[in-house]
Amino acid sequence: MSPYAAGRRRVHRSVAAVVPLAVAAALLSARSADASAPAAQAQVVRTATLGDVPLGTFSNGLLPGSVADDRGVDLGGIGSDIYPAGRKGEFWTVTDRGPNGQIKVNGSKRRTFPVPGFDPAIVRIKVTGDSVHVLRAVPITTSSGKPVTGLPNQAGRDEAPYSYDARTALSYDPNGLDTEGIVRAADGSLWLVDEYGPSLVHVSARGEVLTRYVPRGLGLTGTDYPVVEALPEVLLHRKINRGFEGLAQLPGGDLVIALQSPLSLPDTDAGEASLTTRLLRFSPKRKAVTAEYAYRFDPVGVVDPGEDDTSELKISSVVAVGGDRLLVEERTDRAARLQVVRLDRKADILGGRWDDDTTSPSLEQLADPAGSGVPVLAKRLAVDLGKVAGVPGKIEGVARVDHDTLALINDNDFGMTDGTGAFDAQGRLVDSGIETKVVHVRLPRGI
């Protein structure tokens, strides 16, 4: 057992090895794919697992003193996205805002942050055999080198943050980021997307936020890094916790950003019932959005048979696969399907009536956008991951390994669950037992 984990309660967990910055990462056995699976079907050909790394050890190795008490939580949440690092088996990943959950108090749900000092981080990993190793970790910091934290930005717009037991209100942090997608630019800098703003974030190779691009009219003040209002104002209607999640880098360097869920336009009910979300094209050279596209989900029962709640649909990953083509992941927490789309110039809706939040009915309210003259992106199913044995739930990151193989990573939510049972009477995590896994899936007919 690792000395870092002595005396800590575990649920089906094991502990592992040391990596740079005094951070541990581990080896756990995992099941490999069934070699007898039919050749004509997509199949899992490798599964690797990240072992136990105490979150305090991880965080304090990056930013000493940032976490006083990790409450028994291990490093997790790195499955917010995955991007090839240029060497075989190596990938860039990114954590989200850190351990968080929900507890109902007097009939209302409160968002809890049991480790409020946690700083979102960029994590480079290597998949070797059935293990995931942490090679390097980069904290995301402000211009003065302070942690951005994962706390919400603005009262009245973001959920109020609370302590692990939902009894004590925490402070908002305008620097806070709920990081999700990640790509690496040719100059070594990185681009991330964030759910709070929603925003596109440019960071240096050392993790310093260079610029955060947010919707026009957001009015975010008090940050310790530059903020530029360069995104369409209509994005101010993003659903809480459903901002930007997918990010892709096209061959020419442009970025494609996916809004996780339909906008709450004109209201929450419309967004919950809608099947239409949006993709944006952003030019790093021009520092501007250059195109916007309407993307239509399949019915929720098609993506996840047995599910009937349309609001469970999300886009969590977009991957460039050549030219203007993308893989788009439509998912619920239990199932996912990957669609191939092409960014047709004729489908650009940027700056038109659908970006005007007074348009009625809104884009999100249209039962048949194409029938109403909206140029919805055409798509073709590449693979139904819900039918591939061995693929974990809550896949949030997808990367292309080669012409017929994908690497998938799940978000294990730092082993947390919602509700009062997430922590024991001593305030220590009752671990869910869900591990972070990187799974390789081979597609018989390629991508």
Side-chain angles (χ1 to χ4, degrees), residues 55 59 66 73 75-82 93-102 109-123 138-142 146-162 170-183 190-203 207 209 211-215 218 220 222-225 227 231 235-247 257-261 263-264 277 314-318 333 394 396-397 409-414 416 418:
L55 193 58
S59 297
S66 57
V73 180
L75 174 63
I78 69 170
S80 287
D81 203 6
I82 187 169
T93 66
V94 64
T95 70
D96 58 19
R97 58 186 167 179
N100 68 92
Q102 288 185 314
K109 290 181 179 180
R110 291 181 174 180
R111 179 64 58 182
T112 63
F113 289 81
V115 190
F118 174 77
D119 184 51
I122 297 159
V123 184
V138 181
I140 303 173
T141 60
T142 67
K146 296 178 181 179
V148 297
T149 81
L151 293 169
N153 300 156
Q154 297 175 302
R157 175 167 173 78
D158 301 316
E159 291 174 299
Y162 284 86
L170 303 176
S171 298
Y172 288 87
D173 182 358
N175 292 313
L177 295 172
D178 185 2
T179 46
E180 297 292 344
I182 182 171
V183 300
L190 297 118
W191 291 90
L192 312 170
V193 288
D194 151 76
E195 296 216 53
Y196 286 141
S199 54
L200 173 67
V201 187
H202 192 200
V203 303
V209 175
T211 309
R212 183 179 182 184
Y213 298 93
V214 302
L218 180 63
L220 179 62
T223 61
D224 185 25
Y225 49 66
V227 174
L231 308 182
L235 296 172
L236 294 176
H237 295 276
R238 67 98 175 93
K239 180 180 176 180
I240 290 178
N241 294 331
R242 299 284 185 90
F244 294 152
E245 186 149 304
L247 179 65
I257 308 164
L259 188 68
Q260 186 182 14
S261 295
L263 296 174
S264 296
T277 190
K314 313 170 184 76
I315 292 179
S316 280
S317 184
V318 287
D333 282 354
K394 206 174 184 186
E396 291 198 3
I409 191 168
N410 67 312
D411 179 7
N412 80 326
D413 291 320
F414 292 82
M416 277 196 62
D418 288 333

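Shown are D413, I409, N412; of these, the side-chain contact (heavy atoms from CB on, under 4.5 Å) with K394 is made only by D413.
For E245, the side chain to side chain donor-acceptor pair (under 3.5 Å) partners two or more places apart in sequence, or in a different chain, are Q260, S316. Every side chain to side chain contact (heavy atoms under 4.5 Å, CB included) that T142 has, sequence neighbours left out, goes to S144, K146, V148, N175, D224, Y225.
For the pair S199 and V214, the tightest heavy-atom approach, listed with the atom from each and the gap, is CB-CG1, 3.7 Å. Contact record, P99 with P114: O-CD, 3.3 Å, taken as the closest heavy-atom pair. Nearest heavy atom pair, residue L235 against residue P215, reads CB-CG, 3.8 Å. Closest approach of L75 and L55 over heavy atoms only: CA-CD1, 3.9 Å.
Put simply, the side chain of R238 never gets that close to the backbone of S261: no donor and acceptor are under 3.5 Å apart. In this structure, the side chain of R111 does not engage the main chain of D158 through any donor-acceptor pair within 3.5 Å. No donor-acceptor pair closer than 3.5 Å links the side chain of D194 to the backbone N or O of T179. The closest donor-acceptor contact from the side chain of T223 to the backbone of P174 lies at 3.5 Å or more, if one exists at all. Formation of a donor-acceptor pair under 3.5 Å by the Y196 side chain with backbone atoms of G243 is not found in this model. A distance-only check finds no donor-acceptor pair linking the side chain of D178 to the backbone of E195 [under 3.5 Å]. Side-chain atoms of T95 come within 3.5 Å of backbone N or O of A121 as a donor-acceptor pair. Judged by distance alone, the side chain of T277 and the main-chain N or O of L259 form a donor-acceptor pair under 3.5 Å.
Here the straight-line distance linking atom CD1 of I182 with atom CD1 of I82 works out to 10.5 Å at 0.5 Å rounding. A distance of 7.5 Å separates CG of N241 from CG of N100, quoted to the nearest 0.5 Å. Between I240 atom CD1 and R157 atom CZ the span is 8.5 Å, to the nearest 0.5 Å. Atom CG in L192 sits 13.0 Å away from atom CZ in F244 (nearest 0.5 Å). The CD atom of E180 sits 5.5 Å away from atom CG of D96, with the distance rounded to the nearest 0.5 Å. Atom-to-atom distance recorded for I78:CD1 and T93:OG1 is 4.0 Å, nearest 0.5 angstrom.
Between D81 and S317 the shortest side-chain heavy-atom distance falls below 4.5 Å. Inter-residue side-chain proximity for I140 and V201 is flagged as unmet; no heavy-atom pair is nearer than 4.5 Å. Put simply, the side chain of Q154 reaches to within 4.5 Å of the side chain of L218, judged on heavy atoms. Taking 4.5 Å as the limit, every side-chain heavy atom of R110 sits out of range of all side-chain heavy atoms of Q102. Side-chain contact check for N153 versus L220: some heavy-atom pair is nearer than 4.5 Å. L190 places none of its side-chain heavy atoms less than 4.5 Å from the side chain of V94.
Using a 4.0 Å cut-off between a side-chain N of Lys or Arg and a carboxylate O of Asp or Glu, K109 and D418 do not qualify as a salt bridge. Salt bridge present: D333 and K314 bring a charged side-chain N and a carboxylate O closer than 4.0 Å.
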Verdict with reasoning, Y213 to I257, per side-chain contact (heavy atoms from CB on, under 4.5 Å)
CA-CA 12 Å; Y213 298 93; I257 308 164; over 6 Å; no
Please walk me through it: do S59 and D119 pass side-chain contact (heavy atoms from CB on, under 4.5 Å)?
CA-CA 7 Å; S59 297; D119 184 51; over 6 Å; no
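Note: F414 and F118 have perpendicular aromatic rings, judged against thresholds of 30 and 60 degrees for the angle between ring planes.
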